[in-house]
Amino acid sequence: MLRILLRRRKRPLSTEDVTVTDRPAVHKAVSAAALGNTMEWFDFGVYAYLAGTLGKVFFPSSSPGAQVVSTFATFAAAFLVRPLGGLVFGPLGDRIGRKRVLAATMIMMAVSTFAVGFLPTYNTIGFAAPILLLICRLVQGFSTGGEYAGATTYIAEYAPDTRRGFLGSWLDFGTFVGYALGSGLVTLLTAALGDDGLVDWGWRLPFLVAGPLGLIGLYMRLRLEETPAFQREAEQAHRDAEDARAAGGADPVEEARQSGQGRLKEIFTRHWEAVLICMGLVLLYNVTNYMVTSYLPTFMTETLGQNALTAQLLVLGTMVVVVLTITTVGRTSDRWGRRPVFMAGSAAMIVLAAPAVLLIRAGGILLPAFGCLILGLLLVCFAGTSASTLPALFPTRLRYGALSISFNISVSLFGGTTPLFASGLVQATGDDMIPAYYLMVAGLIGLIATFFLHETAGKPLRGSGPMVESEEEAQELVSKSRTEAGRRARDIWIRLRHPWARH
């Protein structure tokens, strides 16, 4: 009994265990990470709004429906290589640091997006044109495999425990600002140039904007410092290696554990439950996200026959609503918890997806606007909470790699393929309620994943010590920890003296 009680006893916190965050450094970290997501989703917004135009430019011999499917197939192909990017960049970020990998992904993303603006058309070089478009998309997908997981990890490891939801929500704020900028630019070009002008040359302009955006993002990321959590982990790993050498050589078991192969094995053997929960939550978020941002404009124009400019403005207005509410949802998750927000959003998705699509089908402006608003409010429940929820599933030494792999497998299989599968099913069945059914299934899977999710709001990340905003908070936390340790020691003493007593 004594052994059991002592094993349960926890060492009280010391001031060295608590990290006091530097507010300017936190703001710089959040800004630099969010800008990368802005860049990534600027491209997605442009590609989604130009799907019909790109189909005419790169697949002119196909029917209009086949052009859309072909364009979304190229869109989905980028997601097929995202797990490869996650396998490369994720474990690399756990070994050499978050900062270097995030700089590399920014460079690759900016160059590949910028290159799309210079591609020759099908009428110029024939079948080689869509092949070049596919290559650019594959490079974008590979770099993105390390982008979102790295950015969420970076912000989570810099944020104070009590504000992680609010600060993390700024990452997806950048996501939807980027999408709104990209889609807004295409909307302006559509109004100014018309369909013929876009097909002739106007489609190139949005992609060329990616070059300057990428340079700004790269400059900001190169000025970043490593996260406090990674620095502590690296210092501890260095001390362990020094101790091993002093004791007569490195432990081969520990060497295998630290290698890339060892880390992958540990992720899927010791953290498989967290991997499955992460994949379920990512499926819910990204199916909703890509349904609204990437497929909905094309669904409204190509399937429902609505005016292109009206459809673009409705979806753009939905993104504005998401941008205006996302940080409020993040702050709410700090107060109420991540599980209640995800649970409420999942249940609402199952109930409201069909009514939202029915409103969008109704025609006109007012009813489709209400339908888009419902989908936007459902989306923001997941967008405002994911960046603080997902990194907390994994320990520091494996966080970047485990999150990259889990996130990108789920996005590749379910998120990025949403426009392709939805458009293909609508084409095959003729049922324009397919998007609603798709969203309802995603809501059910998300509800199951949330049921197994442990609450992490206000708690330290796994494998890391507490993070606070001031020295006063640190002293208060240490004092409270010592008081609790004293109570536990008293309980142990009472149990040893009076093992028959009830407590």
Contact check, side chains of Val292 and Val322, non-hydrogen atoms, under 4.5 Å: no
Interatomic distance, Met220 atom CE to Lys28 atom NZ [nearest 0.5 angstrom]: 9.0 Å
Heavy-atom donor-acceptor pair, Arg98 side chain to Gly93 backbone, under 3.5 Å: yes
Distance-only criterion, 3.5 Å: show the donor-acceptor pairs between side-chain atoms of residues 377-385 and protein atoms not counting sequence neighbours.
{"from": "Thr385", "atom 1": "OG1", "to": "Cys381", "atom 2": "O", "distance (Å)": "2.8"}

Nearest heavy-atom neighbours spanning Gly165 and Ser333: CA-OG, 3.8 Å
Check: Ser406 side chain, Leu403 main-chain N or O, donor-acceptor pair, under 3.5 Å: no
Residue pair Ile434 / Tyr437, side-chain heavy-atom distance below 4.5 Å: yes
Close side-chain approach of Ile216 to Leu35, heavy-atom, < 4.5 Å: yes
Separation of Glu273 CD from Leu453 CG (nearest 0.5 Å): 12.0 Å
Any residue meeting side-chain contact (heavy atoms from CB on, under 4.5 Å) with Ala104, in chain and number order, not counting sequence neighbours: none
Separation between CZ of Phe407 and OG1 of Thr153, rounded to the nearest 0.5 Å: 11.0 Å
Set of side chain to side chain donor-acceptor pair (under 3.5 Å) partners for Thr227, sequence neighbours left out: Glu157
Heavy-atom closest contact (Ala103 atom, Leu222 atom, distance): CB-CD2, 3.9 Å
Any residue meeting side chain to side chain donor-acceptor pair (under 3.5 Å) with Arg223, in chain and number order, not counting sequence neighbours: none
Pairs meeting criterion salt bridge (Lys or Arg N to Asp or Glu O under 4.0 Å) with involvement of residues 337-353, two or more places apart: Asp334-Arg338
Phe176 side, atom CZ; Thr38 side, atom OG1 - distance, nearest 0.5 Å: 11.5 Å
Backbone of Ser388 reached by a side-chain donor or acceptor of Arg164 within 3.5 Å: no
Heavy-atom side-chain proximity of Val46 to Leu185 below 4.5 angstrom: no
Over all atoms of both residues, closest heavy-atom pair of Thr105 and Gly146: CG2-C, 4.1 Å
Heavy-atom closest contact (Leu284 atom, Gly446 atom, distance): CD2-CA, 3.8 Å
Atom NE2 of His454 with >12 non-hydrogen neighbours under 6.0 angstrom: no
Note, Leu439 side chain near Leu375 side chain (heavy atom, < 4.5 Å): yes
Heavy-atom neighbours of Glu455 CD exceed 12 at 6.0 Å: yes
Spatial distance of atom CD (Gln231) from atom CD (Glu225) [nearest 0.5 Å]: 7.5 Å
Arg462 backbone acceptor or donor facing Arg399 side chain under 3.5 Å: yes
Residues that Tyr154 engages under ring pair (Phe, Tyr, Trp, His ring centres under 6.0 Å), provided they are two or more places apart: Tyr158
Check: Met109 main-chain N/O paired with Ser112 side-chain donor or acceptor under 3.5 Å: yes
Side chains of Ile409 and Ile405 in contact at under 4.5 Å (non-hydrogen atoms): yes
Residues forming a side-chain contact (heavy atoms from CB on, under 4.5 Å) with Ala387, sequence neighbours excluded: Tyr148, Thr152, Leu171, Asp172
Verdict with reasoning, Ser169 to Val329, per side-chain contact (heavy atoms from CB on, under 4.5 Å): CA-CA 8 Å; Ser169 67; Val329 173; over 6 Å; no
Donor-acceptor contacts, no H, no angles, side chain residues 77-90, under 3.5 Å, sequence neighbours left out:
{"from": "Arg82", "atom 1": "NE", "to": "Asn408", "atom 2": "OD1", "distance (Å)": "3.0"}
{"from": "Arg82", "atom 1": "NH2", "to": "Asn408", "atom 2": "OD1", "distance (Å)": "3.3"}

Nearest heavy atoms of Arg221 and Ala32, plus distance in Å: NE-O, 3.3 Å
Minimum side-chain heavy-atom gap Pro160-Leu167 below 4.5 Å: yes
Set of residues satisfying ring pair (Phe, Tyr, Trp, His ring centres under 6.0 Å) with respect to Phe230, sequence neighbours excluded: none
Where Phe421 and Leu413 come nearest, the two heavy atoms and their spacing: CE1-O, 4.3 Å
Heavy-atom donor-acceptor pair, Lys99 side chain to Leu224 backbone, under 3.5 Å: yes
Pair Arg232 + Glu226, salt bridge at N-O below 4.0 Å: no
side-chain contact (heavy atoms from CB on, under 4.5 Å) partners of Phe414, counting only residues at least two apart: Leu283, Val287, Ser410
Approximate separation, where rounding is to 0.5 Å, of Asn286 CG and Thr417 OG1: 10.0 Å
Close side-chain approach of Phe342 and Ser386, heavy atoms under 4.5 Å: yes
By side-chain contact (heavy atoms from CB on, under 4.5 Å) - contacts of Leu324 (at least two apart): Val320
All ring pair (Phe, Tyr, Trp, His ring centres under 6.0 Å) counterparts of Phe394, not counting sequence neighbours: none
Exceeds 12 heavy-atom contacts within 6.0 angstrom, atom CZ of Arg100: no
Heavy-atom donor-acceptor pair, Asp161 side chain to Pro466 backbone, under 3.5 Å: no
Mutual orientation of the aromatic rings belonging to Tyr295 and Phe299 [parallel < 30°, tilted 30-60°, perpendicular > 60°]: tilted
